[in-house]
Amino acid sequence: MSRTQSEQLFRRAQKHIPGGVNSPVRAFKGVGGTPVFFHRAEGPYLYDEDDNRYVDYVGSWGPMILGHNHPEVREAVQRAVADGLSFGAPTAAEVEMADLVCEMVPSMDMVRMVNSGTEATMTAIRLARGYTGRDKIIKFEGCYHGHVDSLLVKAGSGALTLGTPSSPGVPKAVTDDTLTLNYNDAGGLEEVFKARGEEIAAVIVEPVAGNMNCVPPTQGFLEALRQYCDEHGAVLIFDEVMTGFRVARGGAQALYGVTPDLTTLGKIIGGGMPVGALGGKKAVMEHLSPLGPVYQAGTLSGNPVAMAAGLATLRQLRREGFYEELEAKTETLTEGLATIAREAGIGFHTTRAGGMFGLYFTEQTRITRFDEVMACDAARFGTFFNAMLDRGVYLAPSAFEAGFVSIAHDDADIDATLNAAREAFAAL
Ligand SMILES: Cc1ncc(COP(=O)(O)O)c(C=O)c1O
Ligand SMILES: N[C@H](C=O)CCC(=O)O
């Protein structure tokens, strides 16, 4: 498979774009080789600049749950564009979006639209601090909540891939109030709350960690977060930027039956356009400006084109059986990969939740913690990634990112992926 156009573009890109990419994890540093430049996408497929076709399991990092270029979404965007790109004033589409989101995620009485997941988590933290009058926040190692200064501590995703989980440029004073604990460790949480419960404004968590590969919560972990926040008056924030509408129609909170005070959303809620949102209990949300004193704003927030894409996407998710079908596809893929790896005698483990999944090169049979993720063979993942790429399958270019299946992936796409994996495992 020739990728000369991508190679040429990457050489050119590095002149005026730092590292040749506009988001670090795209740079292939974790897997080696040249980033692929794409020019078109349709259903489960991406087409690169040399017109090679790939079965895509990145889905623009999660938003494309319907597959790429879904006709309903495209037409909704075209209709919205015909009426103008941005008004900087309220629209009916925003009201419809707020009604729909609050219906689909019942813990949200109110929602504020923003432009990215990062903005959503940044505002959620500010709001929790403003609401409680406290400063300390708890996050978990390997969880990523966007590039918010106070949350870039032991962070996952590109920060972990590039070996800078705690970024230079973030003043120490900004992270002094961030306490970092081990994911899935309810005992550690109990200790911290016992010692400093009165100081803690919020606990923020990815209810399924998707930025250190894919690590579902262990039994009782999310429940413990709820319990300690209740006992000590802290705000529980579920960062569902990735898991929202991905692991279940109502997000991870519906799947695991634990209700947060605040939820952050992004990715799917924008249907492929740049969007984020935060919402939750009325008592907390009422502290947000202009109702309350906690300031937040955005020139393009609630953008009508983005609302059109998001609404058209969310409406599709209401179809009966959608999530059962999505989960079955994900299971066929992960079970198939595990079987083929076993037949090839390769230590391999998979995880999944709804339409997201994790792949690990390891002899371990259970992955629940950050140190277990780090003990896996990331170099071997890189070799596997490139072998799959050469066979027309596009996985996330990092051993620390979750993969995503869309409703557009059919049996033939998954079979083609498993056939490619059979060859790739044999070549390892
Ligand atoms: C769980 C989580 N939170 C927050 C973010 C930040 O979102 P964005 O990249 O849209 O700023 C991401 C993804 O990047 C994410 O996966
Ligand atoms: N893991 C990130 C988001 O979920 C990947 C997107 C990015 O940072 O480019």
Side-chain angles (χ1 to χ4, degrees), residues 17-31 35 38 56-65 113-125 137 139-162 164-165 167 183 204-217 237-247 251-253 260 262-278 298 300-301 303 306 309-310 353-358 373 394-404:
I17 305 174
V21 292
N22 279 312
S23 194
V25 78
R26 298 177 194 174
F28 275 39
K29 290 222 173 196
V31 291
F38 296 105
D56 176 27
Y57 292 102
V58 180
S60 193
W61 301 100
M64 312 319 294
I65 194 165
M113 300 306 299
V114 295
N115 300 291
S116 69
T118 297
E119 270 188 60
T121 58
M122 179 183 74
T123 306
I125 293 292
I137 52 174
K139 79 172 286 286
F140 296 92
E141 186 163 21
C143 283
Y144 175 70
H145 304 289
H147 56 102
V148 179
D149 277 356
S150 63
L151 297 172
L152 268 184
V153 184
K154 297 190 179 174
S157 189
L160 184 59
T161 304
L162 300 178
T164 50
S167 174
Y183 193 74
I204 185 165
V205 67
E206 285 185 74
V208 177
N211 287 286
M212 51 166 159
N213 209 319
C214 175
V215 184
I237 305 169
F238 275 10
D239 180 355
E240 297 229 39
V241 166
M242 187 181 282
T243 54
F245 313 112
R246 164 59 62 187
V247 298
Q253 52 198 272
L262 288 180
T263 300
T264 55
L265 296 168
K267 299 190 189 273
I268 289 173
I269 200 177
M273 299 293 288
V275 174
L278 73 146
L300 294 175
S301 291
N303 173 270
M356 64 192 269
F357 65 87
V373 173
Y394 190 68
L395 298 169
S398 163
F400 305 114
E401 298 284 351
F404 303 104

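First listed ligand is number 1; within each ligand, the first listed atom is number 1. Small disclaimer: the values here were computed from a predicted structure and weren't measured. Heads up: numbering here begins at 1 and tracks the sequence. Hydrogens, waters and symmetry mates are skipped; everything else that's a heavy atom, side chains included, is used.
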key: Distance filter under 4.0 Å to Val241 heavy atoms, resulting ligand 1 atoms   = 2 (C), 3 (N), 4 (C), 5 (C), 7 (O), 12 (C), 15 (C)

request  = Report the C-alpha separation of Ile237 and Leu278 in whole Å, then their side-chain angles, then the decisive distance to 0.1 Å, and conclude whether the side-chain contact (heavy atoms from CB on, under 4.5 Å) test is met.
outcome  = CA-CA 10 Å; Ile237 305 169; Leu278 73 146; over 6 Å; no

message = Please determine whether side-chain contact (heavy atoms from CB on, under 4.5 Å) holds for the pair Ile125 and Ile204, giving the CA-CA distance in whole Å, both sets of side-chain angles, and the decisive distance to 0.1 Å.
response = CA-CA 8 Å; Ile125 293 292; Ile204 185 165; 4.3 Å; yes

request  = Output the list of atoms in ligand 2 that are nearer than 4.0 Å to some heavy atom of Asn211, sorted by atom number.
outcome  = 1 (N), 2 (C), 3 (C), 4 (O)

inquiry  = Would His145 count as being in polar contact with ligand 1, using the rule that some N or O on each side must be under 3.5 angstrom apart?
reply    = no

task = Drop me the distance from Glu206's CD to Asn211's CG, to the nearest 0.5 angstrom.
result = 4.5 Å

query = So do the side chains of Pro207 and Gln253 get within less than 4.5 Å of each other, counting heavy atoms only?
reply = no

inquiry  = Just verifying a value: how many Å separate His147 NE2 and Ser167 OG, rounded to the nearest 0.5 Å?
reply    = 10.5 Å

request  = Verify, without hydrogens or angle tests, whether Thr161 (side chain) and Ser398 (backbone) share a donor-acceptor contact under 3.5 angstrom.
outcome  = no

query = Can you find an N/O atom of Tyr144 closer than 3.5 Å to an N/O atom of ligand 2?
reply = no

task = Write down the atom of Phe404, the atom of Phe357, and the distance for their closest heavy-atom approach.
result = N-CE2, 3.5 Å

task = Could you say whether the N/O atoms of Gly117 and ligand 1 ever approach to under 3.5 Å?
result = yes

inquiry  = Applying a heavy-atom cut-off of 4.0 Å, say which part of Met242 lies close to ligand 2: side chain, backbone, both or neither.
reply    = side chain

remark   = protein heavy-atom neighbour closest to atom 16 (O) of ligand 1 works out as Asn211 ND2, 3.0 Å

query = Between the candidates Pro24, Ala27, Ser23, Ala155, which shows the shortest non-hydrogen contact distance to atom 9 (O) of ligand 2?
reply = Ser23

Residue portion contacting ligand 1 (non-hydrogen atoms closer than 4.0 Å) for Tyr144 = both

message = Applying a heavy-atom cut-off of 4.0 Å, say which part of Thr264 lies close to ligand 1: side chain, backbone, both or neither.
response = neither

ask   = What part of Glu206, side chain from CB on, backbone N/CA/C/O, both or neither, has a heavy atom under 4.0 Å from ligand 1?
value = side chain

key: Val205/Phe238 under side-chain contact (heavy atoms from CB on, under 4.5 Å): CA gap, chis, key distance, verdict   = CA-CA 5 Å; Val205 67; Phe238 275 10; 3.7 Å; yes

ask   = At a non-hydrogen distance cut-off of under 4.0 Å, which region of Lys267 contacts ligand 1 (side chain, backbone, both, or neither)?
value = side chain

key: Residue-ligand contact Lys267/ligand 2, heavy atom below 4.0 Å   = yes

query = Short N/O distance, under 3.5 Å, between Thr118 and ligand 1?
reply = yes

Atoms in ligand 2 flagged as close to Val25, the criterion being non-hydrogen separation under 4.0 Å = 7 (C), 9 (O)

remark   = dist Glu401:CD -> Trp61:CH2 (nearest 0.5 Å) comes out at 4.5 Å

task = Evaluate the side-chain contact (heavy atoms from CB on, under 4.5 Å) criterion for residues Cys143 and Asp239: first the C-alpha distance (whole Å), next the side-chain angles of each, then the deciding distance (0.1 Å), finally the verdict.
result = CA-CA 10 Å; Cys143 283; Asp239 180 355; over 6 Å; no

message = Test your reading of the structure: does Asp239 have an N or O sitting under 3.5 Å from an N or O of ligand 1?
response = yes

request  = Would you indicate which of Ser157, Ser398, Gly158 comes nearest to atom 2 (C) of ligand 2 when only heavy atoms are counted?
outcome  = Ser157

request  = Below 4.0 angstrom from a heavy atom of Ser116, which ligand 1 atoms are there? Numbered from 1 as shown, please.
outcome  = 10 (O), 11 (O)

inquiry  = Return the closest protein heavy atom for atom 6 (C) of ligand 2 as residue, atom name and distance.
reply    = Trp61 CG, 3.7 Å

key: Flag side-chain contact, heavy atom, 4.5 Å: Arg246 against Lys267   = no

query = With respect to Thr243, which candidate in Leu265, Val208, Thr263 satisfies the side-chain contact (heavy atoms from CB on, under 4.5 Å) definition?
reply = Val208

